[in-house]
Enquirer: 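Have a look at the structure that comes next, please.
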Amino acid sequence: MRKILSTVLSAGIAVIMFTACAGGGNEKELPVEEPDMSTEAIQSEETMLPEQMETEAQLRDGLAAAENAPEEKLAFYEELLARDLCEEEDYLEMAQLYAASGDATAQRRMLWWAFLLYPDEKYAVQLQALTVRRTSEEEEAATLIAALQQALTEQDAAAFRGVTEGEEWRETFQEAPEIFATRTRYESENLTAQIVSDAYETEVYLLAGDGTCLYGRVNDGGSRTASAVFTEGAYNGEAEVCWYDGEGTLYKRYQAVLHNDVCVDSLTVEYEGVSYGGTFGEDGSVTEKQQEKISEAGGVVYAYEVGGRRYLYQEGVSQDTFRMDCVMLGLPRFEVWE
């Protein structure tokens, strides 16, 4: 009997302990923890990052799936590029995507690589026509433009050359300089700069909001600096053009009044230490007395030495058709890029 009672009591105690552990009665229920699967989860191919994909086939599939997501497409293309798996059409597609995002520098780089790997005139045309846009918010570009403006304002040929031949200039304004010059349009609140630059020559225009225009051109043979007034799509007002040799020595200076790009009224020329003067009509035609031997040889005298007998003339023209314009001074016609 005792043995039976002991067995019953033992069973009862076991039932009570089991009930308590299971949260029965009025006791609080213990939280049940979910198994942690995050560290063991296997990422599907659709959610993998491009750099996590092992094969080109995976990258191409991901690229196809990202058809309507330009940023995702660029990520896949850039991974293909990093692995040297790009084909010709990949470079073109990347160039278009960068263009759409406003990154003309990257766009130009893709076209440059396409030209190097698949030489074709169509790439040359695109490279020559592409304009890189920069603003004063880009600190390096703003600093270089400020130095350029100062050098041209002061007609400092040495400083002008120093700015355009520095490493900072090459990194900012000379993308792929070996063959094609880089066209850059820079804008600030009151200044627009247009730059064409490569490893051999740089040409710049700086146009202020009031019409003040600064021009510069530099290469191994020498340099030019100029100041003028550009209004209503042409040069109108006083202009000065200075010519320097390869050593930076000034050897020719023109001072003139321009109207619709041609010289009117008077012109002053300093050439190799001698001063000359000339006069012109409203259409830029020469009003100076002509020298018979120059006319017979097919030339036009446009300026005479001040207080002397020497003169300056232009070959291969006639007095009826010759017009002294900005180009004759060394100041190319200016066309604003849109």
Side-chain angles (χ1 to χ4, degrees), residues 63 69-82 84 86-149 163-189 191-207 213-219 230 233 332-338:
L63 189 59
E71 291 185 5
E72 292 182 24
K73 288 183 70 175
L74 267 177
F76 282 103
Y77 275 126
E78 288 170 349
E79 187 62 27
L80 287 168
L81 182 65
D84 196 23
C86 285
E87 302 293 338
E88 182 175 4
E89 59 272 16
D90 296 327
Y91 291 104
L92 298 181
E93 181 67 18
M94 277 190 286
Q96 293 174 2
L97 288 170
Y98 281 126
S101 70
D103 191 345
T105 300
Q107 177 192 4
R108 195 177 195 282
R109 189 174 300 118
M110 293 304 106
L111 292 172
W112 170 244
W113 285 346
F115 177 80
L116 285 179
L117 297 171
Y118 312 96
D120 193 302
E121 184 179 354
K122 65 182 179 183
Y123 300 129
V125 172
Q126 292 181 64
L127 282 166
Q128 290 171 330
L130 179 61
T131 300
V132 176
R133 308 282 174 169
R134 297 194 179 279
T135 70
S136 56
E137 295 181 0
E138 300 174 64
E139 185 176 350
E140 290 185 359
T143 300
L144 289 167
I145 293 299
L148 189 66
Q149 185 176 21
V163 172
T164 59
E165 292 184 351
E167 183 64 29
E168 294 83 2
W169 181 271
R170 286 191 291 272
E171 292 178 354
T172 307
F173 295 115
Q174 285 181 2
E175 175 67 29
E178 292 85 355
I179 299 177
F180 303 108
T182 301
R183 287 163 48 105
T184 304
R185 178 180 170 89
Y186 168 93
E187 292 183 347
S188 65
E189 183 177 356
L191 183 71
T192 298
Q194 294 184 178
I195 302 167
V196 180
S197 185
D198 61 22
Y200 312 106
E201 184 174 78
T202 293
E203 185 174 44
V204 301
Y205 294 88
L206 274 63
L207 182 63
C213 181
L214 297 172
Y215 170 76
R217 184 174 183 176
V218 59
N219 54 39
F230 187 83
R333 288 182 172 83
F334 183 39
E335 179 181 352
V336 178
W337 301 337
E338 298 299 333

Enquirer: Could you pull out all residues at least two apart from Ala147 that satisfy side chain to side chain contact (heavy atoms under 4.5 Å, CB included)?
Expert: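 If we apply the side chain to side chain contact (heavy atoms under 4.5 Å, CB included) test to Ala147, skipping adjacent residues, the hits are Val163.
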Enquirer: What heavy-atom pair brings Ser136 and Ser188 nearest, and what distance separates the two atoms?
Expert: CB-CB, 3.7 Å
Enquirer: Give me each pair satisfying salt bridge (Lys or Arg N to Asp or Glu O under 4.0 Å) with a member in residues 110-137, each pair once, sequence neighbours excluded.
Expert: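 For residues 110-137, and leaving out neighbouring residues, the salt bridge (Lys or Arg N to Asp or Glu O under 4.0 Å) pairs sorted by first residue read Arg134-Glu138.
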Enquirer: Compare all side-chain heavy atoms of Val204 with those of Leu148 and state whether any distance is below 4.5 angstrom.
Expert: yes
Enquirer: Partners of Glu168 by salt bridge (Lys or Arg N to Asp or Glu O under 4.0 Å), sequence neighbours excluded?
Expert: none
Enquirer: Considering residues at least two apart in sequence or located in another chain, which fulfil the side chain to side chain donor-acceptor pair (under 3.5 Å) criterion with Glu201?
Expert: Arg217, Asn219
Enquirer: CG/Leu206 to SG/Cys213 distance, rounded to the nearest 0.5 angstrom?
Expert: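 It comes to 8.0 Å.
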Enquirer: What pairs with Phe334 under ring-ring contact (aromatic ring centres under 6.0 Å, His included), at least two apart in sequence or on another chain?
Expert: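 By the ring-ring contact (aromatic ring centres under 6.0 Å, His included) rule, Phe334 matches Tyr205, Phe230.
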Enquirer: What I'd like to find out is whether the side chain of Ser101 reaches to under 4.5 Å of the side chain of Glu71, using heavy atoms alone.
Expert: no
Enquirer: Among all residues two or more places apart in sequence or in another chain, which pass the ring-ring contact (aromatic ring centres under 6.0 Å, His included) test with Trp113?
Expert: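 So Trp113 forms no ring-ring contact (aromatic ring centres under 6.0 Å, His included) with any residue.
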Enquirer: Is the count of non-hydrogen atoms from other residues, nucleotides or ligands lying under 6.0 Å from Glu187 atom CD greater than 12?
Expert: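 Atom CD in Glu187 is packed in, count exceeds 12.
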Enquirer: Any sub-3.5 Å donor-acceptor pair from Gln194's side-chain atoms to Trp337's backbone N or O?
Expert: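 Yes, Gln194 side chain to Trp337 backbone: donor-acceptor pair under 3.5 Å.
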Enquirer: Evaluate the criterion side chain to side chain contact (heavy atoms under 4.5 Å, CB included) for residue pair Leu97 and Gln107; output intermediate values, then yes/no.
Expert: CA-CA 8 Å; Leu97 288 170; Gln107 177 192 4; over 6 Å; no
Enquirer: Rounded at 0.5 Å granularity, tell me how far OH in Tyr91 sits from OH in Tyr77.
Expert: 12.0 Å
Enquirer: Rounded to the nearest 0.5 Å, how far does CG of Leu127 lie from CZ of Arg109?
Expert: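 Going from the CZ atom of Arg109 to the CG atom of Leu127 covers 12.0 Å.
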Enquirer: Which value, rounded to the nearest 0.5 Å, describes the distance between Thr131 atom OG1 and Arg183 atom CZ?
Expert: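 The CZ atom of Arg183 is 3.5 Å from OG1 of Thr131, to the nearest 0.5 Å.
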Enquirer: Would a 4.5 Å heavy-atom cut-off, applied to side chains only, mark Gln149 and Leu214 as touching?
Expert: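 Counting from C-beta outward, Gln149 and Leu214 do come under 4.5 Å.
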Enquirer: Going by salt bridge (Lys or Arg N to Asp or Glu O under 4.0 Å), name the residues that satisfy it together with Glu78, two or more places apart in sequence or in a different chain.
Expert: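 Counting only residues at least two positions away or on another chain, Glu78 forms no salt bridge (Lys or Arg N to Asp or Glu O under 4.0 Å).
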Enquirer: Hey, what do you get for CG (Leu144) to OG1 (Thr164), rounding to the nearest 0.5 Å?
Expert: 10.0 Å
Enquirer: With rounding to the nearest 0.5 Å, note down the distance linking CG in Leu111 to OH in Tyr123.
Expert: 8.5 Å
Enquirer: So which heavy atom on Ala104 is nearest to which on Val132, and how close?
Expert: CB-CA, 3.9 Å
Enquirer: Where do Ala181 and Val196 come nearest, in terms of heavy atoms and distance?
Expert: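 Closest approach of Ala181 to Val196: CB-CG1, 3.6 Å.
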Enquirer: Does any donor atom in the side chain of Thr202 or Ser197 lie under 3.5 Å from an acceptor atom in the other side chain?
Expert: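 Checked: Thr202/Ser197 side chains pair up, N/O donor to acceptor below 3.5 Å.
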Enquirer: Return each pair, listed once, that meets salt bridge (Lys or Arg N to Asp or Glu O under 4.0 Å) where at least one residue sits in residues 87-99; pairs must be two or more places apart or across chains.
Expert: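 Sorted pair list: Arg60-Asp90, Lys73-Glu93.
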Enquirer: Quick one: list whatever passes side chain to side chain donor-acceptor pair (under 3.5 Å) with Thr192, sequence neighbours left out.
Expert: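 If we apply the side chain to side chain donor-acceptor pair (under 3.5 Å) test to Thr192, skipping adjacent residues, there are no hits.
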Enquirer: Less than 4.5 Å apart, any side-chain heavy atom of Leu207 and any of Leu191?
Expert: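 Sidechains of Leu191 and Leu207: no contact.
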Enquirer: How about Phe173 and Thr182: do any of their side-chain heavy atoms sit closer than 4.5 Å?
Expert: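 No, too far: nothing below the 4.5 Å cut-off.
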Enquirer: Go through the structure and list residues passing side chain to side chain contact (heavy atoms under 4.5 Å, CB included) with Ala124, not counting sequence neighbours.
Expert: Phe115, Phe180
Enquirer: Within a strict 4.5 Å, meaning less than it, do heavy atoms of the Leu92 and Tyr118 side chains meet?
Expert: no
Enquirer: Can you name the residues that form a side chain to side chain donor-acceptor pair (under 3.5 Å) with Glu79, not counting sequence neighbours?
Expert: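 Partners of Glu79 by the side chain to side chain donor-acceptor pair (under 3.5 Å) criterion, ordered by chain and then number, come out as Arg83.
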Enquirer: If the condition is side chain to side chain donor-acceptor pair (under 3.5 Å), which residues does Arg170 pass it with, not counting sequence neighbours?
Expert: Glu167
Enquirer: Would you check, one step at a time, whether the test side chain to side chain contact (heavy atoms under 4.5 Å, CB included) holds for Val336 with Arg185?
Expert: CA-CA 10 Å; Val336 178; Arg185 178 180 170 89; 3.8 Å; yes
